[in-house]
Amino acid sequence: MSGKVNPFTIAQQQLDVAAEKLGLDPATHELLRWPMQEIKVVLPVKMDDGTTRIFHAFRVQYNTARGPAKGGVRWHPDETLDTVRALAAWMTWKTSVVDIPLGGGKGGIVCNPKELSETEKERLARAYVRAIGRALGVTKDVPAPDVYTTPQIMAWMMDEYETMVGEKHPGVITGKPLPLGGSQGRIDATARGGIYVTREAAKVFGINLQGGTMAVQGFGNAGQHAALLGEEILGLKLVAASDSKGAVYNPSGIKAKALVDHKLKHDTLKGFPEAEEIPREALLELDVTVLFPCALENAITKENAPRVRCRILCELANGPTTPEADEILYDKGVVVLPDFLANAGGVTVSYFEQVQNAYNFYWELRDVHQRLDDKMTNAFRGVYEMSRREKVNMRQAAYLVAVARVAEACKLRGWV
Ligand code: NAD
């Protein structure tokens with residue numbers, strides 16, 4: 001997200017296009033271009049060696065017309081206020097497109113967690129919540145894990161918040177460990193949501209998945225579960241996977257579980273016995289039924305898009321396709337399932353976690369899966385119908401659905 005292009009400028013431009021198409025009045029358009037509340041704090045934290053380090057941190061509550069702000073907290077050395085603003089805007093559209101009663105938010109601490117001990121991480125997590133805690137709450141703003149933040153960090157944050165308010169409020173944060181009120185099914189929720197929308201897309205676009213092939217770029221949390229569930233639920237055959245160190249390929253098929261085991265054991269895909277090594281970039285150009293980009297942003301650009309040959313591109317990563325590449329893929333007839341629809345399974349199960357915390361009643365795994373399926377299927381259908389009606393691609397359609405809902409909520413509240 002760092003680099004020359006300001007991600008918040010991109011987020012505003014994407015909104016501008018949707019606003020024009022929807023014919024939003026100028027006040028609503030302007031309201032949706034900006035975060036409604038931003039908090040910037042400076043955190044002095046004691047290090048293990050007795051020195052004190054100063055950390056800069058943010059929390060952005062972008063829009064809360066549809067419900068409390070919702071979004072992760074990233075710990076990253078390159079974090080900026082504009083990155084957090086952009087991510088908070090995208091969370092607003094993501095919660096809206098899957099129609100859960102939440103707004104959008106995001107947080108960030110500028111730090112390198114790889115340089116911090118566990119005790120330093122705990123003090124940093126608690127300092128963050130002490131500084132911004134008054135703006136958090138189950139009815140105000142609910143953080144979650146994101147880049148380099150873990151269920152353990154969520155547990156410390158929840159504990160600090162509960163200490164501040166003197167009451168139990170597990171729903172103040174999601175992505176918690178199971179013994180502290182986490183939800184069943186959170187671990188593979190992002191990939192599972194993407195698998196459900198891929199299934200729905202295949203139905204309406206007449207693509208046969210059973211016996212088809214898939215390639216997975218980025219064999220981390222999202223990518224590994226996409227491979228396992230693509231095999232189990234969709235009947236796809238995994239033919240290639242990549243990580244930051246390289247890619248492996250076998251046109252006759254790779255058992256997803258065997259490759260996951262190999263990756264977990266060796267921390268690399270290299271050396272997997274039943275596949276040949278190919279250049280990482282070649283994976284994106286394989287002739288497969290479904291391609292899952294699950295690594296970083298800007299993987300598919302105007303340079304390689306003309307050579308992309310998948311039928312469905314299911315964006316589990318955030319921002320894997322540049323706007324120019326998007327148009328090329330659309331012209332080629334590739335079905336692109338846009339990131340904030342395709343990877344919304346994670347935030348949807350986070351919402352389920354909050355609901356379970358509120359009722360103090362916990363669901364079976366099968367209930368989580370069924371409700372996630374219903375949410376993702378309905379979201380897909382809404383976006384697909386919009387794309388047909390307005391004759392736009394799936395990404396533009398997802399923006400139209402999401403922005404229209406937030407605009408309507410702002411209007412109903414009498415804000416504009
Ligand atoms: P992760 O760190 O577990 O996995 C990322 C993987 O990508 C790693 O295996 C890494 O080696 C690989 N990678 C990095 N650069 C690569 C490259 N150039 N080519 C091939 N592989 C490369 O992260 P994750 O949680 O799986 O998230 C992946 C993407 O999905 C991110 O864009 C993230 O924002 C998005 N996402 C994840 C979730 C979630 O719940 N995990 C939710 C929403 C969105």
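Numbering of ligands and ligand atoms starts at 1, following listing order. All of these numbers come straight from a predicted model, not from anything done at the bench. Counting begins at 1 with the first residue of the sequence.
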Would you please say whether a donor-acceptor pair under 3.5 Å links the side chains of Arg395 and Tyr399? no
I'd like a table of the close N/O pairs between ligand 1 and the protein (anything under 3.5 Å), one pair per line with both atom names and the distance.
| unit_1 | atom_1 | unit_2 | atom_2 | d |
| --- | --- | --- | --- | --- |
| ligand 1 | 3 (O) | Asn221 | N | 2.9 |
| ligand 1 | 9 (O) | Gly220 | N | 3.4 |
| ligand 1 | 11 (O) | Ser244 | N | 3.0 |
| ligand 1 | 11 (O) | Ser244 | OG | 3.2 |
| ligand 1 | 21 (N) | Asp243 | O | 3.4 |
| ligand 1 | 26 (O) | Asn221 | N | 3.2 |
| ligand 1 | 26 (O) | Ala222 | N | 2.8 |
| ligand 1 | 30 (O) | Leu316 | O | 3.3 |
| ligand 1 | 32 (O) | Ala295 | O | 3.0 |
| ligand 1 | 32 (O) | Asn318 | N | 3.1 |
| ligand 1 | 34 (O) | Asn318 | ND2 | 3.0 |
| ligand 1 | 40 (O) | Thr190 | OG1 | 2.7 |
| ligand 1 | 41 (N) | Asn221 | ND2 | 3.2 |

After noting the C-alpha distance and the side-chain angles of Glu390 and Lys21, does the key distance pass the side chain to side chain contact (heavy atoms under 4.5 Å, CB included) rule? CA-CA 9 Å; Glu390 295 296 325; Lys21 186 101 189 153; 3.7 Å; yes
Give, for atom [atom1] of [X] and atom [atom2] of [Y], the distance between the pair rounded to the nearest 0.5 Å.
X: Ile109; Y: His56; atom1: CD1; atom2: NE2; result: 12.0 Å
X: Glu118; Y: Ile153; atom1: CD; atom2: CD1; result: 7.5 Å
X: Lys257; Y: Leu228; atom1: NZ; atom2: CG; result: 8.0 Å

Ring geometry between Tyr384 and Phe380 (parallel below 30°, tilted from 30 to 60°, perpendicular above 60°): parallel
